[in-house]
**Student:** 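Just dropping this structure here.
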Number of protein chains: 2
Amino acid sequence: MVSQMLADGRRQILDILGPGRLLHASVTDVADSTAETLSPTHLERRKLLDPLASSELVEAVLLMLRRAQHHATLLGRKTALERVAYAVLDLADQFGARVRGLAYAEVIFRLHLTRNDLADWMGLTGETVSRCLNALKRQEIIGFDTPEIILIKNLKTLEAAAGGDRPSLVARGTHPATHP
Amino acid sequence: MVSQMLADGRRQILDILGPGRLLHASVTDVADSTAETLSPTHLERRKLLDPLASSELVEAVLLMLRRAQHHATLLGRKTALERVAYAVLDLADQFGARVRGLAYAEVIFRLHLTRNDLADWMGLTGETVSRCLNALKRQEIIGFDTPEIILIKNLKTLEAAAGGDRPSLVARGTHPATHP
DNA sequence: CGAAACATTGACCGCACTCAAGGCTGGTGG
DNA sequence: CCACCAGCCTTGAGTGCGGTCAATGTTTCG
């Protein structure tokens, strides 16, 4: 998780990095920016000498940029429900696994964020996030028994609720989408 | 101006590029993203073969990223007045010129954006931007006789109104800050 | 002079925030 | 084993900031 903190305690989470994502120091070396883990994490250092790694780095920074700009549009112009729907979709892309026994369009994944984390990511409050998640649940679009494990029951409707436009904003990395 | 458009017409301006800023195609080649000029503009193409230009490019992309992340924090966590104050400061940094005859802390510059452009940049509406600008004007923090020419009369107070934290987010370019 | 685009201002409204109460879960110590 | 506690989630009631709608003023330009 990459986040920024304002002097008075307001926090904005800038990005959630799932398996396979790359992180460059230039992102965290800005004043008031920090990176933290939200779950047990395996980190690898990339050497910059390797030209392959260098292009990999440029790709990673450009991905961060595209995600940051898309996120800005979301924060500036989307409603609470659209934001929460989008957060679920993005986390599903990054952490989701297609599971045997689920219908084709169903995805299940573990939220590594609390409601308040989601709020600080989406520019909302924890209460609003909770209300939106439960609204989606009542509409049978998603499901959860414990607050941590989210099941997407109707992907198409969820994407519609997110407001449509969702360009591919995941790492094209070689990492398989397996994660506890 | 770099902006994104949603299917239903909502627009988010992602960044305003003043003199000396660099723009890479990867920013505009994303779906629904466009770049437009708001004033007569002089463009130069940079060759990538030159290793100097290459590092220049990486710098420019990293600047875009830092600005985008800072902007996300602004959109997600700041009030209307803070946003408008920040917009004035950022435009002053990019377009402002210290003018003879003005007090030390005074800066004057031309807004190349309408109130609605500012609104689409700051995630607000034109009416709210107008109200905030006039509030700042009533407090003698800024001044304007025509809507286009903005004078910063009290920089310190304006920075306070913007919510404080404002890391250097301008191009360290070689361009002098002269602009019509 | 007239039209179009932009800016300003006011009145009202609604979405998301605030505040508060209550429930659930997991961890700790008697 | 259970009482207690802390943290998180959920839900409701009420508020307020910023949005919406509308009227008017201003500037520009043909």
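Residue numbering restarts at 1 for every chain, and letters A, B, ... go by the order of the sequence lines.
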**Student:** At less than 4.0 Å, is any side-chain N or O atom of B/Ser130 found next to OP1 or OP2 of C/dA7? Yes or no.
**Tutor:**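 Looking at the OP1 and OP2 atoms of C/dA7, neither is under 4.0 Å from any side-chain N or O of B/Ser130.
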**Student:** Think A/Asn116 has a side-chain N or O under 4.0 angstrom from the OP1 or OP2 of D/dC8?
**Tutor:** no
**Student:** With a cut-off of under 6.0 Å to the ring centre and 45° to the axis, is A/Arg138 in cation-pi contact with A/Phe144?
**Tutor:** no
**Student:** How close or far is atom C1' of D/dG7 from atom CG of A/Asp117, stated in whole angstroms?
**Tutor:** 13 Å
**Student:** Rounded to whole Å, please give me the gap between CZ in A/Phe144 and P in C/dT25.
**Tutor:** 13 Å
**Student:** Rounding to an integer number of Å, can you tell me how far A/Arg138 CZ sits from D/dT11 P?
**Tutor:**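 Computing the A/Arg138:CZ to D/dT11:P distance gives 7 Å.
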**Student:** Reading DNA chain C from 5' onward, which residue's closest nucleotide shows up sooner: B/Arg131 or B/Leu113?
**Tutor:** B/Leu113
**Student:** Take the protein atom CG of B/Asp145 and the nucleotide atom C1' of C/dT8, then report the distance between them rounded to whole Å.
**Tutor:** 15 Å
**Student:** Between A/Arg77 and B/Asp8, does any NZ, NE, NH1 or NH2 come within less than 4.0 Å of an OD or OE carboxylate oxygen?
**Tutor:** no
**Student:** Any side-chain donor-acceptor pair under 3.5 Å between B/Arg21 and B/Gln94?
**Tutor:**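 On atom types as modelled, these side chains qualify, holding a pair under 3.5 Å.
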**Student:** Here's a test of your reading of the structure: between A/Glu127 and A/Thr79, which maps to the more 5' nucleotide of DNA chain C?
**Tutor:** A/Thr79
**Student:** Nearest-nucleotide wise, let me know which of A/Arg77 and A/Glu148 is further upstream toward the 5' end of DNA chain D.
**Tutor:**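 Of the two residues, A/Glu148 wins.
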**Student:** Send over the distance from A/Arg115 CZ to C/dC24 C1', rounded to a whole Å.
**Tutor:**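 Rounding to the nearest Å, CZ of A/Arg115 and C1' of C/dC24 are 13 Å apart.
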**Student:** Round to the nearest Å and state the distance from B/Met122 atom CE to D/dG18 atom C1'.
**Tutor:** 16 Å
**Student:** Specify the separation, in whole Å, of atom CG of A/Leu111 and atom P of D/dC8.
**Tutor:** 14 Å
**Student:** When you check the gap from the basic side-chain N to the acidic O, do B/Glu56 and B/Arg46 get nearer than 4.0 Å?
**Tutor:**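 Looking at B/Arg46 together with B/Glu56, the answer is yes, because their closest N to O distance falls below 4.0 Å.
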**Student:** OP1 or OP2 of C/dA16 less than 4.0 angstrom from a side-chain nitrogen or oxygen of A/Thr125, does that happen here?
**Tutor:** no
**Student:** In whole Å, what is the span from the CG atom of A/Leu133 to the P atom of D/dC9?
**Tutor:**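 The distance from CG of A/Leu133 to P of D/dC9 comes to 10 Å, rounded to the nearest Å.
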**Student:** At under 4.0 Å, does any side-chain N or O of B/Asn134 touch on OP1 or OP2 of C/dT9?
**Tutor:**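 So the side-chain polar atoms of B/Asn134 do come within 4.0 Å of the phosphate oxygens OP1 or OP2 of C/dT9, strictly under.
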**Student:** Compare side-chain N and O positions of B/Thr114 against OP1 and OP2 of C/dC6 and report whether any pair is under 4.0 Å apart.
**Tutor:**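 B/Thr114 to C/dC6 OP1/OP2: no side-chain N or O under 4.0 Å.
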**Student:** Could you see if A/Leu14 belongs to whatever hydrophobic cluster contains A/Leu6? Use Ile, Leu, Val, Met, Phe, Trp, Tyr and a side-chain cutoff under 4.5 Å.
**Tutor:** no
